[in-house]
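Worksheet for the structure shown next.
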Amino acid sequence: MGGGARELAGYLAGLGGWVAALAAAVLPQWRQSSYAGDAIITAVGLHEGLWMSCAAQSTGQVQCRLHDSLLSLDVHIQTSRALMVISLLLGFFGIIVSVVGMKCTKVGEEDPVTKSRIAVAGGILFVLSGLCTLAAVSLYATQVTYEFFRESTVPINARYEFGSALFVGWGAASLTVLGGSLLCCSCPAKERRGQQYYRQSQPSTTREPPIKMSSSPIRGEQCL
């Protein structure tokens, strides 16, 4: 895969991961009601996310309510919120920086070494964005797992388990890290060595001065 195609693939993967991370941050299905156990209650399904909690009835009606207070939320929800916001900001700046540094665009500097450095910077932003998404989703999933398996008087069918937004977040983190890694492969040092080799291999265009022939007759040479 050429350098331009690799950068384009990395940019598309990072962009897709950022869109998926945005969808995961907005979705309220970070945890949902568990249907495990003997007595299964399917009349009302509860979903909770970073910003709201929803109740879906069997008739298809869904009612959602935003979280009333930020300070009254659990620590893992506040931390996941902050990490997702940081992830989206880093990914947004990574999208802009990567467009400037890609070889297939004419934005920014025309120097290939400078553009490669900018592309690497965009890749680093994508990788950091993916790691923040991964940390937020994994932290929330760890808390859900702990609350599900701990000894409690709450019946198992009234507890919560993983929601679909967690899987979307894991997929978003994987795509973003993959895209950033591909963009980071645009190493400017290789291009610099290639340019130096190209300059050295070019034939010299300078003309040597003509050799002046002596007009004096050569003595001592006769044809026999």
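All values derive from a computational prediction rather than experimental measurement.
Atoms NE2 and CH2, on His67 and Trp51 in that order, are 9.5 Å from each other to the nearest 0.5 Å. Rounding to the nearest 0.5 angstrom, the gap separating the CG atom in Leu183 from the CE atom in Met102 is 7.0 Å. Atom CD1 of residue Ile86 and atom CG of residue Leu131 lie 12.5 Å apart, to the nearest 0.5 angstrom. If you take CG on Leu27 and CG on Leu22, they are separated by 9.5 Å, rounding to the nearest 0.5 Å. Here the CG atom belonging to Leu8 is positioned 11.5 Å from the OG atom belonging to Ser98, to the nearest 0.5 angstrom. From Glu7, atom CD reaches atom SG of Cys185 across 9.5 Å, with rounding to the nearest 0.5 Å.
Taken together through direct or relayed side-chain contacts under 4.5 Å among Ile, Leu, Val, Met, Phe, Trp and Tyr, Trp170 and Val177 form parts of separate hydrophobic clusters. Tracing side-chain contacts under 4.5 Å through hydrophobic residues (I, L, V, M, F, W, Y), one reaches Val120 starting from Leu128; they form part of the same cluster. Val127 and Ile96 fall into different hydrophobic clusters, where Ile, Leu, Val, Met, Phe, Trp and Tyr are joined by side-chain heavy atoms under 4.5 Å apart, directly or via other members. In the hydrophobic cluster analysis, where Ile, Leu, Val, Met, Phe, Trp and Tyr join through side-chain heavy atoms closer than 4.5 angstrom, Val168 is grouped apart from Val19.
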ask   = Checking side chain to side chain contact (heavy atoms under 4.5 Å, CB included) for the pair Phe162/Thr145: CA distance, chi angles, key distance, verdict?
value = CA-CA 8 Å; Phe162 292 167; Thr145 305; 3.2 Å; yes
ask   = Would Val99 and Tyr11 satisfy side chain to side chain contact (heavy atoms under 4.5 Å, CB included), going step by step from the backbone distance to the final call?
value = CA-CA 8 Å; Val99 169; Tyr11 177 76; 3.2 Å; yes
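When all heavy atoms of Cys132 and Ser87 are compared, the closest pair comes out as CB-CB, 3.7 Å. Nearest heavy atoms, Val62 versus Cys54: CG1-CB, 4.2 Å. Of all the heavy atoms in Trp30 and Ala136, the pair that sits closest is CZ3-O, 4.2 Å. Contact between Ala165 and Ala24 at its shortest, heavy atoms only, is O-CB, 3.8 Å. Closest heavy-atom contact between Val137 and Leu166: CG1-O, 3.4 Å. Leu88 and Ala25 get closest at one heavy-atom pair: CD1-CB, 4.4 Å.
With contacts defined as side-chain heavy-atom distances shorter than 4.5 Å, the pair Ile95/Phe126 qualifies. Counting heavy atoms from C-beta on, the side chains of Met52 and Arg65 never come closer than 4.5 Å. Arg31 is listed as a side-chain neighbour of Glu147, based on a closest heavy-atom distance under 4.5 Å. Using a 4.5 Å heavy-atom threshold, the side chains of Thr133 and Leu83 count as separate.
Between Leu90 and the choices Leu125, Ile124, Val85, the side-chain contact (heavy atoms from CB on, under 4.5 Å) rule is met once, by Leu125.
Of the possible donor and acceptor atoms, none in the side chain of His76 sits under 3.5 Å from a partner among the backbone N and O of Val144. Without hydrogens or angle criteria, Arg81 side chain to Leu50 main chain gives a donor-acceptor distance under 3.5 Å. Of the possible donor and acceptor atoms, none in the side chain of Trp18 sits under 3.5 Å from a partner among the backbone N and O of Gly94. In this structure, the side chain of Gln78 engages the main chain of Leu73 through a donor-acceptor pair within 3.5 Å. Thr142 places a side-chain N or O within donor-acceptor distance of the main-chain N or O of Ser138, the cut-off being under 3.5 Å. Counting only distance, with no hydrogens or angles, the side chain of Ser33 and the backbone of Leu46 share a donor-acceptor pair below 3.5 Å.
The number of heavy-atom neighbours closer than 6.0 Å to CZ of Phe93, taken from other residues, nucleotides and ligands shown, is 12 or below.
No side-chain donor-acceptor contact under 3.5 Å links Ser129 and Thr176.
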